[in-house]
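Worksheet: the structure to be examined is printed underneath.
Just so you know, these numbers use all the heavy atoms, side chains as well, and skip hydrogens, waters and symmetry mates.
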Amino acid sequence: ATHRLLGKSRIDKEKSTSKRMESSVILIRVKGDLERHSVKWNASSDDFENDIRLILQQKDFLETPLLRIRGNVPGLYAYHNVPDEKQGRENVRATRLAMACGLLSLRFYGPVLLVRSFGGRW
């Protein structure tokens with residue numbers, strides 16, 4: 001799987017004058033119900049990454065594409081903690097979703113945030 005580490009330092013900060021947008025995202029915890037949250041994004045600010053940090057309660061996290069954008073079909077991205085099998089239990093629901101997307105060797109540990117992408121960054 002392809003991961004991109006995001007955290008304190010922004011890897012690729014895009015400069016843009018686009019409007020600030022808000023999107024609903026789904027949090028999959030190891031146990032319990034799915035949770036719906038909102039995140040704000042704008043290519044010229046760090047709102048998106050800050051919102052994800054708050055939801056995941058992690059200062060650093062990974063971005064993993066589960067489905068890439070194809071034509072009119074949106075992409076699906078997972079935001080999650082840096083994998084450490086010794087620190088937590090496997091998130092079976094998120095791992096099974098990754099397997100359904102064809103990523104058979106990917107395993108998630110801890111909470112996973114799912115975000116749909118419709119083109120561009122989001």
Side-chain angles (χ1 to χ4, degrees):
T2 303
H3 300 289
R4 188 169 72 127
L5 180 63
L6 300 174
K8 288 182 182 177
S9 62
R10 178 117 176 167
I11 293 175
D12 60 334
K13 191 164 195 168
E14 301 169 14
K15 303 290 183 191
S16 175
T17 58
S18 62
K19 293 181 182 178
R20 185 168 149 158
M21 305 294 286
E22 191 165 330
S23 183
S24 291
V25 297
I26 301 297
L27 179 65
I28 303 175
R29 296 195 183 276
V30 173
K31 287 177 133 182
D33 295 332
L34 301 178
E35 297 175 18
R36 191 172 129 218
H37 293 268
S38 291
V39 294
K40 295 176 222 59
W41 57 271
N42 181 333
S44 63
S45 76
D46 290 331
D47 288 345
F48 181 74
E49 291 178 17
N50 291 334
D51 286 349
I52 290 178
R53 272 190 212 100
L54 289 172
I55 294 168
L56 291 177
Q57 299 175 353
Q58 301 277 330
K59 71 175 182 178
D60 295 321
F61 54 88
L62 293 173
E63 173 187 85
T64 302
L66 298 179
L67 293 173
R68 301 219 183 248
I69 300 168
R70 291 175 305 186
N72 292 333
V73 178
L76 181 64
Y77 288 79
Y79 291 86
H80 55 98
N81 61 341
V82 178
D84 186 355
E85 298 173 20
K86 297 174 186 167
Q87 282 189 334
R89 294 184 30 199
E90 182 176 359
N91 189 324
V92 175
R93 295 182 291 181
T95 297
R96 287 182 179 170
L97 177 63
M99 289 179 172
C101 293
L103 303 171
L104 303 179
S105 63
L106 181 61
R107 300 291 182 267
F108 288 116
Y109 295 87
V112 176
L113 190 66
L114 299 176
V115 180
R116 290 176 69 182
S117 175
F118 293 94
R121 171 69 189 208
W122 301 109

**Asked** Does a side chain donor of either Y109 or E90 reach within less than 3.5 Å of an acceptor in the other side chain?
**Response** no
Pairs of donor and acceptor atoms involving the side chains of residues 24-33, under 3.5 Å and at least two apart or interchain, shall be tabulated with distances.
residue, atom, partner, partner atom, Å
S24, OG, R36, NE, 3.4
R29, NE, E35, OE2, 2.7

**Partner set under side chain to side chain contact (heavy atoms under 4.5 Å, CB included) for L67, not counting sequence neighbours** = L76, C101
**Prompt:** Which value, rounded to the nearest 0.5 Å, describes the distance between I69 atom CD1 and R116 atom CZ?
**Reply:** 11.0 Å
**Message:** How long is the straight-line distance from CG of N91 back to NE2 of H80, given to the nearest 0.5 Å?
**Reply:** 10.5 Å
**Complete:** Here the pair of heavy atoms bringing F108 nearest to A78 is CZ-CB, 3.8 Å
**Prompt:** Hydrophobic cluster mates of M99, side-chain heavy atoms under 4.5 angstrom, ILVMFWY only, any path?
**Reply:** L104
**Asked** Among L114, I52, T64, V112, which one satisfies side-chain contact (heavy atoms from CB on, under 4.5 Å) with Y79?
**Response** I52
**Fill in**
For L56 and P111 the tightest heavy-atom approach is CD2-O, 3.8 Å
**Prompt:** Say you draw a straight line from CG of N50 to CD1 of I55; how long is it, rounded to the nearest 0.5 Å?
**Reply:** 11.0 Å
